[in-house]
**Q** 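Following this message is one structure expressed as structure tokens.
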Amino acid sequence: MYNNDLKQLNLPAIDAEMLKFWQENRIFEQSVEQRDPEKSFVFFEGPPSANGQPGIHHVMARTVKDLFCRYNTLRGFRVERKGGWDTHGLPIELQVEKELGITKEDIGKKITVDEYNSACRATVMRYKDRWDDITRKMGYWVDLDDPYITFNNEYIETCWWLLKRLYEKKTNAGDSYLYKGFTIQPYSPAAGTGLSTHELNMPGTYKDVTDTTIVAMFKVRPDERSAFLFEEADEDVRIMAWTTTPWTLPSNIALTVGPDIRYAKVKTLSPYTGSPVSLVLAQERLSAYFKAEDEGLDFENFKVGDKSLPYKVVQTCSGRDLEGVRYEQLIPLPHLITEAIEARGFRVITGDFVTTEDGTGVVHTAPYFGADDFKVCKAAGVPFIGVFNEKQPDLPFPLVDRQGRFVPEVSEWGGRYVKAEYYSKAEQEEKDFKPTDLLIALRLKEDNKAFRVEKYKHPYPHCWRTDKPVLYYPLDSWFIRASAAKERLSELNKTINWKPESTGTGRFGAWLENLQDWNLSRSRYWGVPLPIWRTEDGSEERCVGSVLELSAEVDKSVAAGLMADNPYKGGFDLHRPYIDDIILVSPGGKPMHRETDLIDVWFDSGAMPYAQWGLDYEKLKNGDEKPFRVPFNTSYPATFIAEGVDQTRGWFYTLHAIAGMCFDSVAYKNVVSNGLVLDKNGEKMSKSKGNVVNPFETIDQFGADATRWYMIANANPWDNLKFDADGILEVRNKLFGTLFNTYSFFALYANLDGWTMNESKVMPYNKRSELDRWVISKLYSLVEDYRAAMDDYEPTRAARVVENFVDEHLSNWYVRLSRRRFWRGELNADKQAAYQTLFECLTVVAQLSASLAPFFSDWLYRNLTAPIREQAKALNSPLRHESVHLTDLVQPDASKVDKDLEKRMDYAQRICSLALSIRKKEKIRVRLPLQKLLLPVLDASFIAEVDGVKDLILAEINVKDIEYVTDSSGLLKKSAKANFKTLGGKLGKDMKDAAAFIAAMSNEDISALEKSGSLAVTFNGNAYTLTPEDLLLSTEDLPGWKTASDGALTVALDVTLTPELLAEGTARDLVNRIQNLRKENDFNVTDRIAVSLERHSAIEDAVLQFGEYIKAEVLADSLEFGENFQGEKVELNDEVSLNIDVRVN
RNA sequence: AGGGCUAUAGCUCAGUUGGUUAGAGCGCUACACUGAUAAUGUAGAGGUCUCCAGUUCAAAUCUGGAUAGCCCUACCA
């Protein structure tokens, strides 16, 4: 018996049933284990962080991952899916700090590093249960029992090994791929760490902010070099420079001009004080500060606050002329002026990056707070300004500390945060709170050093975690020299199959071509420690590549008396603070301390292909190139990975960079990047908007399959998805509802007939009916299309072809037309064939939908195959498997595809559709039979083709016969249109004339061309030959007939009604009414009944002539006119109602 | 500011190498069909294929430009 218990589709219930079944029978494990390890399809799981709740977008991303893994499992590959957790990094540290109510500065003071790290360790897995739950519920198959965890020693150790490999790898110039450098980097004082470029490239980091900007006036020092700017010795000559970061002004040390830009000297008055001044700025920028009509106004009449500022251009020169001109420090900090600064600071220098698009064409230059500034100062030999540094006099300490505060040496503002956002909310809201930038502006106004102070809106980078502005700040950091590998990384990238392609070539490709070095350093506590030890003077250093190596080094250190004992003999932890206690001994016998930095967490995740397995010490000792544990050898590189498009510069990059630089290999061959999940209005989901979709609720309500199917079928995964629960509902009803009902139908009748599938006794296809062979053909066409789409990583296309088959072909044509075969008569050969055909369609559909809808498809498969499982096991036949996920995916089979048959059926469908539309127009109900259908014949094969499906057409549209109308009948009137496709190429400009000519061809002309096969024509003096293919024929209405047409196909219906036809129609109506009564009265499908009808003239003929037919249709043993009985009033048509009594015999 | 993607019916999306009348589903209206159906069929309403220009006999499709949205890149002071 086939299970037919469910009255209605209940996907969540099916989910629960299947989950239990999978778990109890280890179906996932079996699906992996039963495949050959040598035939692997390698998948990498990008580790999520379990310190946040899973969202609906995770369901999206994981559906993509899961469906390709399942598909390739069905194809016979072994698809190991090791799960993983991302456990390090700033988000976790910040969360812990927030919860403990501490800041980074408190670590090591209020709380020990040890305690702090324990708190981090406890936090990272906070929502692991929720994640495991959603993983199970959404049907994502991944190994959760043995995940890789990035904080484990083995994992960290592998990261070390990779780092050491980079450390030892040298460029052609002899530079190491891992190096320490002093650079200006994005730095987040709030987070207390530098940020990598890809952290700065996180979505949402650039925000529009409104800053106080100042156009400052730098007073030129008169000397030989600047003499050309002075008309009189005591003239007040100043250079104008604009800044959006006034807090960098105390650190100003140079002004940069464009060497080829023209500059003007303007005599004017200082707008805030009214004192006379001569200003230098780019000529092109004059109009931004001076109105043309103000030129030449009388200086005497100006009063401070006036709208019109009198001025006069007195001189121009090039940027090159200004080079070397010296000026006074804008904000005097005499205690910071060294000899070097006195000699080479406060000068005009030149730089190519200067433009005249905004500002004054002069760039205020503070080398510690701008990468360009730093570069240009170094090139020009301009020293840095800051607090004196004894150890490195040429690298003074910056005037802003690591918390983002001015150091005390910046007298007036010492101790103040340079950005308002670094103050607490309460402080910012205090009545007399003024941002430091504003205080500086006020000071400059007062001191006659500001030309203009105004608010300016511009984009500024923010820390992706703290949301506070980033500073550019001088830091010592360790870098990976990615820039040295960019050509090779680009080349390797070209071998990767990106979905969509544009992400690989555009977004990712362009990024690689412009690759910067990867800043690895993080001055934090909870992460992978940088495994580099250095002597204090930096002259000797050692990069450690494994715990084994570290332990050996510690032994040496113990021997040298630097450490008391070696902690790596027993249990240990590679994190800070313990690792910081390790002191190594240098070859020269000096103590070496670890560089205190941690590494960027993105390195952790990019290292997962290797670190998920860990180091193999045997291989390590043998000097193996890739000393990682099995199954690394069969698990690299990945065949397939998938993640959100936001990972392009994240995980996709770090995987690629590490693989390329360490092993000259790609890390993955195919990559699918999915887009964002937006709300139904296309807006980003966010907690503040309250439009976040809860994945648990969604899945509970609609089931995982409908959710998954909707997400993939609605739009390509790389397009953003406008998530709308109504769409899930539609999928549930249309696809799963239809499939469910098709199965229920099958089960109902198979159970009645006691039929079960017998794999060893299937009827050959050529013995089956046209309709059977047609749906089988469609099915195997589907198999081909589906596999092609999936092999091409096009899941949306794959889902849509399955949907289309189920709805359009299987349910609405095959089943609809086959119904009578199932419910009538005994279990003969034709009925067997119908069962077998439908069974095959359903099992194959179960397989094809298994990847995307794992629950329902398994439910379907198991129901279909349960009655024959034991038999299949004995025969070792394909249906022996307990779960669809253990089966082998059906192979494409061209011998089962019959395109001619598909074409014939297409005719049948179109003819039926046309005939029904005529009935509709003529208001002739389908139950009323008609005499004949006329079909104009278009070409030689038409009759044979339609004859093949004639019976189906007649039954479907309730017509007695088909008559073909040929040329010879004289009824046919053909018309022709030009076939632009065939003619366009050969006719070119004469196309229009030809189209007109062909449209005007008469019936005779067309027939003549068809007979002779060619027609010579001339257009505009050019001779051509027309062939029948150049014409698209159609027939015009048949005079006196009701017709309808679709393209070239025309049908005509004989709507003449005879008494006999009317009686038959009434008989069919009666059948329908009686059937409805059976249904209403909940009779069993097989119950025999007795029918009494109220005598009525409207039905007498019908009962007399078609009584036997009616009895057969409604399973009646008797059908008679009764006189007095308690029947039900039934409406036969608008005029007639009568009583009908049905009862079970 | 630059790069990429997207723009087709009220909504979600198709639309193959340019080819004549641009499609589907949902939703809406009306009718019909059904002893599997939460279905289905037929008909109707709903489109300046974002806009402009170009190439071509022919453009939703190719080219250029513009506009809008999204994503990315960017310390341009």
Side-chain angles (χ1 to χ4, degrees), chain A residues 8-9 184 186 200-201 203 206 213 241-245 248 256 353-355 357-366 369-373 459-461 470-472 500 502-503 505-507 510-511 514 645-646 648-649 675-676 678 680 682 684 713-716 718-720 722 724 726-727 729-730 732-734 736-738 740-749 796 800 803-804 807 811-812 815-816 819 822-823 912-913 916-921 923 925-927 977-984 987-995 1032 1047 1072 1075-1076 1078-1079 1083 1085 1114-1115:
Chain A
Q8 248 189 12
L9 176 62
I184 310 304
L200 206 58
N201 292 335
Y206 279 84
T213 67
W242 181 54
T243 181
T244 56
T245 51
T248 60
T256 310
F353 63 92
V354 180
T355 69
E357 274 157 36
D358 49 22
T360 64
V362 181
V363 178
H364 142 63
T365 305
F369 304 110
D372 273 342
D373 301 31
Y460 195 84
V470 158
L471 301 183
Y472 287 84
S502 58
T503 300
T505 53
R507 188 180 287 196
W511 157 264
N514 201 5
V645 68
D646 52 329
T648 307
R649 264 86 177 211
L676 305 172
L678 308 169
K680 66 177 173 183
K684 227 171 170 169
N714 186 68
N716 280 317
W718 36 89
D719 291 333
N720 289 348
K722 292 180 195 163
D724 187 351
D726 287 346
L729 213 59
E730 194 181 320
R732 188 192 69 184
N733 292 346
K734 199 158 176 69
F736 294 102
T738 304
F740 173 82
N741 288 320
T742 305
Y743 168 75
S744 300
F745 173 84
F746 164 82
L748 174 67
Y749 289 103
T796 306
R800 285 175 180 174
E803 258 173 20
N804 186 48
D807 185 42
S811 172
N812 276 315
V815 173
R816 193 153 61 87
R819 275 175 306 187
F822 289 98
W823 81 61
C912 287
S913 166
L916 290 170
S917 92
I918 296 172
R919 276 181 171 275
K920 159 76 189 166
K921 219 174 278 165
K923 296 197 195 303
R925 65 191 192 279
V926 178
R927 275 193 292 264
K977 270 191 194 171
N979 183 349
F980 282 72
K981 240 177 189 166
T982 61
L983 287 169
L987 286 171
K989 282 188 198 298
D990 296 324
M991 192 63 227
K992 272 192 178 130
D993 293 327
L1032 295 175
N1072 170 254
Q1075 298 284 38
N1076 288 344
R1078 287 184 62 118
K1079 199 176 182 180
F1083 292 177
V1085 177
V1114 302
L1115 300 185

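Order of the sequence lines fixes the chain letters, A, B, ..., with proteins taken first and strands second; residue numbering starts at 1 for each chain.
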**Q** Contact class for A/Leu678 vs. all strands (heavy atom < 4.0 Å): base, sugar-phosphate, or nothing?
**A**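 If one applies the 4.0 Å heavy-atom cut-off, A/Leu678 turns out to touch nothing in the nucleic acid.
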**Q** What integer number of Å spans the P atoms of B/A36 and B/U20?
**A**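 One P to the other, the span is 41 Å.
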**Q** Look up atom CG in A/Asp719 and atom OG1 in A/Thr796, then write down how far apart they are to the nearest 0.5 Å.
**A**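 A/Asp719 atom CG to A/Thr796 atom OG1 measures 8.0 Å (nearest 0.5 Å).
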**Q** Select base, sugar-phosphate, or nothing to describe what A/Tyr749 touches, counting heavy atoms under 4.0 Å on all strands.
**A**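 Sugar-phosphate, no base atom in range.
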**Q** State which of B/A39, B/A38, B/A77 makes the closest approach to the side chain of A/His364.
**A**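 My answer, after comparing the listed nucleotides, is B/A77.
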**Q** Taking B/U63 as the reference, what is the distance to B/G25 when you measure between their P atoms (whole Å, please)?
**A**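 Result for the P pair: 32 Å, nearest Å.
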**Q** Report yes or no: does A/Arg800 contribute a side-chain atom to a donor-acceptor pair with the main-chain N or O of A/Ala713 at less than 3.5 Å?
**A**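 Yes, the answer is positive, given that a donor and an acceptor are paired below the 3.5 Å cut-off.
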**Q** To the side chain of A/Thr244, which of B/A77, B/A39, B/G4 is closest?
**A**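 Of the candidates, B/A77 comes closest.
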**Q** Determine the interatomic distance between C1' on B/G27 and the same-named atom on B/G46; round to the nearest Å.
**A**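 About 11 Å, rounded to a whole number of Å.
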**Q** Report yes if at least one side-chain N or O of A/Tyr743 is closer than 4.0 Å to OP1 or OP2 of B/A36; otherwise report no.
**A**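 So the side-chain polar atoms of A/Tyr743 never come under 4.0 Å of the phosphate oxygens OP1 or OP2 of B/A36.
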**Q** Rounded to the nearest 0.5 Å, what's the gap from CD1 on A/Ile184 to CG on A/Leu471? Could you check?
**A**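 The distance works out to 11.5 Å.
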**Q** Paired with B/A1 by Watson-Crick or G-U wobble geometry, both distances under 3.5 Å: which nucleotide is it?
**A**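 Per the H-bond distance test, B/U73.
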**Q** Which listed nucleotide (B/A38, B/A36, B/C57) is nearest to the side chain of A/Ser811?
**A**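 Selected nucleotide (nearest to the side chain): B/A36.
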**Q** Using whole Å, what does the distance between atom P of nucleotide B/A32 and atom CG of A/Asn1072 come to?
**A**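 Taking atom P of B/A32 as the reference, CG of A/Asn1072 is at 12 Å.
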**Q** Using the C1' atom on both, measure B/U67 against B/C13 and round to a whole Å.
**A**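 It comes out at 23 Å once rounded to the nearest Å.
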**Q** Between A/Phe745 (CZ) and B/U37 (C1'), how many Å, whole number?
**A**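 Atom-to-atom, A/Phe745 to B/U37, this comes out as 11 Å.
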**Q** Nearest-nucleotide wise, let me know which of A/Thr503 and A/Thr256 is further upstream toward the 5' end of RNA chain B.
**A**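 So the residue in question is A/Thr503.
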**Q** With a 3.5 angstrom cut-off on both distances, give the Watson-Crick or G-U wobble partner of B/A39, or none if there isn't one.
**A**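 Partner of B/A39: none found under 3.5 Å.
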**Q** Give the minimum heavy-atom separation between A/Pro500 and A/Trp718, together with the two atoms involved.
**A**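 Shortest heavy-atom contact: CD-CB, 3.3 Å.
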**Q** Minimum heavy-atom separation for A/Ala241 and A/Thr360, please, with both atom names.
**A**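 A/Ala241 and A/Thr360 have their closest heavy atoms at CA-OG1, 3.5 Å.
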**Q** To the nearest 0.5 Å, what is the distance between CG (A/Asp807) and OG1 (A/Thr742)?
**A**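 With rounding to 0.5 Å, CG (A/Asp807) is 9.0 Å from OG1 (A/Thr742).
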**Q** Suppose you measure atom C1' in B/A66 against the same atom in B/A30; what distance do you get, rounded to whole Å?
**A**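 About 44 Å, rounded to a whole number of Å.
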**Q** Is there a Watson-Crick or G-U wobble partner for B/A45 with both distances under 3.5 Å, and which nucleotide is it?
**A**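 Checking every strand shown, B/A45 finds no partner, since no pair has both distances under 3.5 Å.
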**Q** Over all strands shown, is A/Val815 touching base, sugar-phosphate only, or nothing at heavy-atom distances under 4.0 angstrom?
**A**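 A/Val815: base contact, heavy atoms under 4.0 Å.
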**Q** A/Asp726 CG to B/C26 C1': how many Å, rounded?
**A**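 Going from CG in A/Asp726 over to C1' in B/C26 covers 9 Å.
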**Q** Compare the minimum distances between each of B/G19, B/A14, B/A36 and the side chain of A/Asn716, then state the nucleotide with the smallest one.
**A**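 Nearest nucleotide to the side chain: B/A14.
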**Q** What distance, rounded to whole Å, do you find between the two C1' atoms, one in B/C31 and one in B/U48?
**A**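 Rounded to whole Å, the distance is 33 Å.
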**Q** Provide, to the nearest angstrom, the distance between the CG atom belonging to A/Asn812 and the C1' atom belonging to B/G25.
**A**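 The distance from CG of A/Asn812 to C1' of B/G25 comes to 13 Å, rounded to the nearest Å.
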**Q** For A/Asn720 and B/C13, give me the distance from atom CG to atom C1', rounded to whole Å.
**A**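 It is 15 Å, rounded to the nearest whole Å.
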**Q** Pick the C1' atom in B/U29 and in B/G65, then give their distance to the nearest Å.
**A**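 Comparing C1' positions in B/U29 and B/G65 gives a spacing of 43 Å.
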**Q** Nearest-Å distance, NZ (A/Lys722) to P (B/C70)?
**A**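 About 11 Å, once rounded to whole Å.
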**Q** Could you check whether the rings of A/Tyr749 and A/Phe822 sit parallel, tilted or perpendicular, using 30° and 60° as the cut-offs?
**A**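 The rings of A/Tyr749 and A/Phe822 sit tilted, inter-plane angle from 30° to 60°.
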**Q** Identify the nucleotide, in any strand shown, that forms a Watson-Crick or G-U wobble pair with B/G10, with both distances under 3.5 Å; if there is none, say none.
**A**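 B/G10 is paired with B/C26.
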**Q** Given B/A38, B/C13, B/U40, which nucleotide is nearest the side-chain atoms of A/Lys734?
**A**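 Ranking B/A38, B/C13, B/U40 by closest atom to the A/Lys734 side chain puts B/U40 first.
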**Q** Between B/U73, B/C26, B/A36, spot the one nearest the side chain of A/Trp511, thanks.
**A**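 That would be B/U73.
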**Q** Select from A/Arg800 and A/Val645 the residue whose nearest nucleotide in RNA chain B is closer to the 5' end of that strand.
**A**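 On the 5' side of the pair lies A/Arg800.
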**Q** Nearest 0.5 Å, what's the CG-CG distance between A/Leu9 and A/Asn733?
**A**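 Reported value, rounded in 0.5 Å steps: 8.5 Å.
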**Q** Under a 3.5 Å cut-off for both distances, is B/C57 Watson-Crick or wobble paired, and to whom?
**A**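 Because both required distances fall under 3.5 Å, B/C57 counts as paired with B/G19.
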**Q** For A/Arg819 and B/A36, is the shortest distance between a side-chain N/O and OP1 or OP2 below 4.0 Å?
**A**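 So the side-chain polar atoms of A/Arg819 do come within 4.0 Å of the phosphate oxygens OP1 or OP2 of B/A36, strictly under.
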**Q** Of the options B/A77, B/A38, B/A36, whose atoms approach the side-chain atoms of A/Asn733 most closely?
**A**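 Closest nucleotide among those given: B/A38.
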**Q** When you compare B/A7 with B/C49, how far apart are their C1' atoms, in angstrom units rounded to a whole number?
**A**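 My reading of the C1' atoms in B/A7 and B/C49 gives 10 Å.
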**Q** Calculate the interatomic distance between A/Glu803 atom CD and B/C26 atom P; express it in whole Å.
**A**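 Distance check: A/Glu803 CD to B/C26 P gives 11 Å.
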**Q** Could you give the CZ-to-P distance, from A/Phe736 to B/G25, as a whole number of Å?
**A**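 Value for this atom pair: 19 Å.
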**Q** Counting side-chain heavy atoms from CB outward, which of B/A14, B/U40, B/A38 is closest to A/Asp807?
**A**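 For the A/Asp807 side chain, the nearest candidate turns out to be B/U40.
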**Q** Checking contacts here: which listed nucleotide (B/G25, B/C57, B/U40) is nearest the side-chain heavy atoms of A/Met991?
**A**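 Nearest to the side-chain atoms of A/Met991, counting from C-beta on, is B/C57.
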